[in-house]
Amino acid sequence: SESVKKHIITSCNAEELGIILLPHQDMPKKYFVSKKSTSYFHSHKAEPFILYLIEKLMEQPEPILSGNFKADSIVIPFNSVIVVPMWDSERIFGIIIITHAEPYYFSFDKYKFVQSFIQHAALAYTNSMLKEQLRLTAITDYLTKLYLRNHLDKKIDEHLKTERGGSFILLDVDDFKQINDTYGHYVGDKVLIQIANIIKEYTNGNEIAARWGGEEFAIYIPYGNKEYALDIANKIKDKVQENTDPQVTLSIGISSWHGKNASIKQLFNRADEALYQAKAAGKNLIVIN
């Protein structure tokens, strides 16, 4: 954060400071440079230096203090370097790199102070991350990673009270019992995950997608009219039919509202009726009510 950056630069009189965050192994990017880092670490010149330090710390995860920094493969404009890994309970999630051009610039006392300060900062950071993780766990479906129905209900209720319009899409997997009976529940769960991922692909940050329950999904589109909702529903329906394995289809009901005095119950009931009509008319259809 800004306060960590300011504190380190002031106390060490550092020339450059890199705050490097390391993602989990299954992510394509090897590292992210925090916006709070100084300009050198945002330049391409810093990349070999950062990668070298990450590799070194993976081999030997200990802090580094050097007054005459040398590495065979890279050239850097610094002699004095402090590198401190940041740990959560299981792994290094980031590194702080502090540099100065002058040789032997950082004293051992400064090095120990920075180490201690960063340990405390890392602890505060991981605590805030854990709180956010717990908050998300409480409102997220464990299987599909979409929101839970109660979170969607709450958000729609808030929107109905303060705004002037929106659309609600209810999606149901056709003949899902047949998938579970034929292939088993493990494959059934995989199909639900495939559908959830397609829904995520076609909804943006303002739209709220949820697992409504069982094989039903729901999307609320604040401010969206029924034409816009129909466009999203069509894209999802077509992609699900083309890209699920084993192949499934969706029946979809859409309701929308504008103006005052809309109720959450009316919105849900109208979408539910439309969904029922889509099922009755032969499935793999969209009905607007």
Side-chain angles (χ1 to χ4, degrees), residues 127-174 176 188-240 244 248-279 285-289:
N127 281 342
S128 72
M129 289 287 284
L130 279 170
K131 276 182 192 164
E132 179 58 10
Q133 225 170 343
L134 285 169
R135 189 190 74 80
L136 285 173
T137 303
I139 59 172
T140 307
D141 174 52
Y142 77 98
L143 180 70
T144 61
K145 305 298 180 270
L146 294 174
Y147 286 118
L148 290 165
R149 177 175 175 169
N150 59 5
H151 177 72
L152 181 75
D153 288 2
K154 188 177 156 218
K155 289 293 174 188
I156 295 175
D157 204 34
E158 284 169 12
H159 197 257
L160 287 168
K161 285 171 186 166
T162 58
E163 302 303 336
R164 291 291 154 87
S167 290
F168 180 67
I169 306 172
L170 197 54
L171 314 92
D172 186 86
V173 186
D174 295 324
F176 188 66
D189 284 352
K190 281 181 79 174
V191 168
L192 294 177
I193 293 165
Q194 288 167 35
I195 294 166
N197 290 338
I198 291 166
I199 289 171
K200 285 174 205 166
E201 199 182 318
Y202 288 106
T203 49
N204 64 37
N206 297 320
E207 294 149 11
I208 307 152
R211 186 175 179 193
W212 193 246
E215 67 271 22
E216 278 191 318
F217 299 89
I219 303 163
Y220 182 65
I221 304 167
Y223 319 112
N225 59 27
K226 59 188 173 195
E227 289 77 23
Y228 177 70
L230 180 61
D231 183 52
I232 288 177
N234 265 313
K235 284 173 180 166
I236 292 168
K237 183 175 80 69
D238 292 349
K239 187 86 182 258
V240 164
T244 44
V248 293
T249 59
L250 297 177
S251 293
I252 300 173
I254 298 173
S255 62
S256 60
W257 70 281
H258 58 274
K260 290 182 177 178
N261 305 321
S263 88
I264 197 165
K265 192 178 174 188
Q266 275 180 336
L267 199 65
F268 292 171
N269 284 348
R270 283 196 288 113
D272 204 35
E273 280 168 24
L275 176 62
Y276 178 80
Q277 286 168 27
K279 291 273 188 197
L285 292 169
I286 301 170
V287 174
I288 301 173
N289 184 357

Full working for side-chain contact (heavy atoms from CB on, under 4.5 Å) between L148 and T140: CA-CA 5 Å; L148 290 165; T140 307; 5.7 Å; no
Verify side-chain contact (heavy atoms from CB on, under 4.5 Å) between K279 and L285, making sure each step is shown before the conclusion. CA-CA 7 Å; K279 291 273 188 197; L285 292 169; over 6 Å; no
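Considering T249, I199, I195, I252 as possible partners of V240, the one that fulfils the side-chain contact (heavy atoms from CB on, under 4.5 Å) test is I195.
Side-chain contact between L230 and I254: present, with at least one pair of heavy atoms (C-beta onward) separated by less than 4.5 Å. The shortest side-chain heavy-atom distance between K200 and K145 falls under the 4.5 Å cut-off. Put simply, the side chain of I236 reaches to within 4.5 Å of the side chain of Y202, judged on heavy atoms. Contact annotation: the side chain of L275 never approaches that of V287 to less than 4.5 Å [non-hydrogen atoms, C-beta and beyond].
Remark: N269 CG to L170 CG distance equals 10.5 Å, nearest 0.5 Å. In this structure, NZ on K155 lies 11.5 Å from CG on D157, to the nearest 0.5 angstrom. In this structure, OG1 on T244 lies 12.0 Å from CG on N197, to the nearest 0.5 angstrom. Atom CG in D153 sits 5.0 Å away from atom CD1 in I264 (nearest 0.5 Å). Rounding to the nearest 0.5 Å places CD1 of I156 at 11.5 Å from OG of S263. For the atom pair CD1 (I193) and CD1 (I198), the distance works out to 12.5 Å, reported to the nearest 0.5 Å.
Within a 6.0 Å radius of OH in Y276, no more than 12 heavy atoms belonging to other residues, nucleotides or ligands are found. Counting heavy-atom neighbours within 6.0 Å of K154 NZ, excluding the residue itself, gives a total of 12 or less. By the 6.0 Å contact criterion, NZ on K237 is enclosed, its count of non-hydrogen atoms from other residues, nucleotides or ligands being greater than 12.
The two residues A274 and G253 make their nearest non-hydrogen contact at CB-CA, 3.6 Å.
Judged as a side chain to side chain contact (heavy atoms under 4.5 Å, CB included), and not counting sequence neighbours, the contacts of E201 are K239. Taking the side chain to side chain contact (heavy atoms under 4.5 Å, CB included) definition, one finds that S255 meets it with F168, L267, R270, A271, sequence neighbours left out.
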Considering only distance and modelled atom types, tabulate donor-acceptor pairs under 3.5 Å from the side chains of residues 206-222, sequence neighbours left out.
from	atom 1	to	atom 2	distance (Å)
E207	OE1	N204	N	3.0
E207	OE2	N204	ND2	3.2
E207	OE2	Y228	OH	2.7
R211	NE	G214	O	3.0
R211	NH1	D141	OD1	3.4
R211	NH1	D141	OD2	3.3
R211	NH2	G214	O	3.1
Y220	OH	H159	ND1	2.9
Y220	OH	W257	NE1	2.9

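There is no side-chain donor-acceptor pair under 3.5 Å between D172 and S251.
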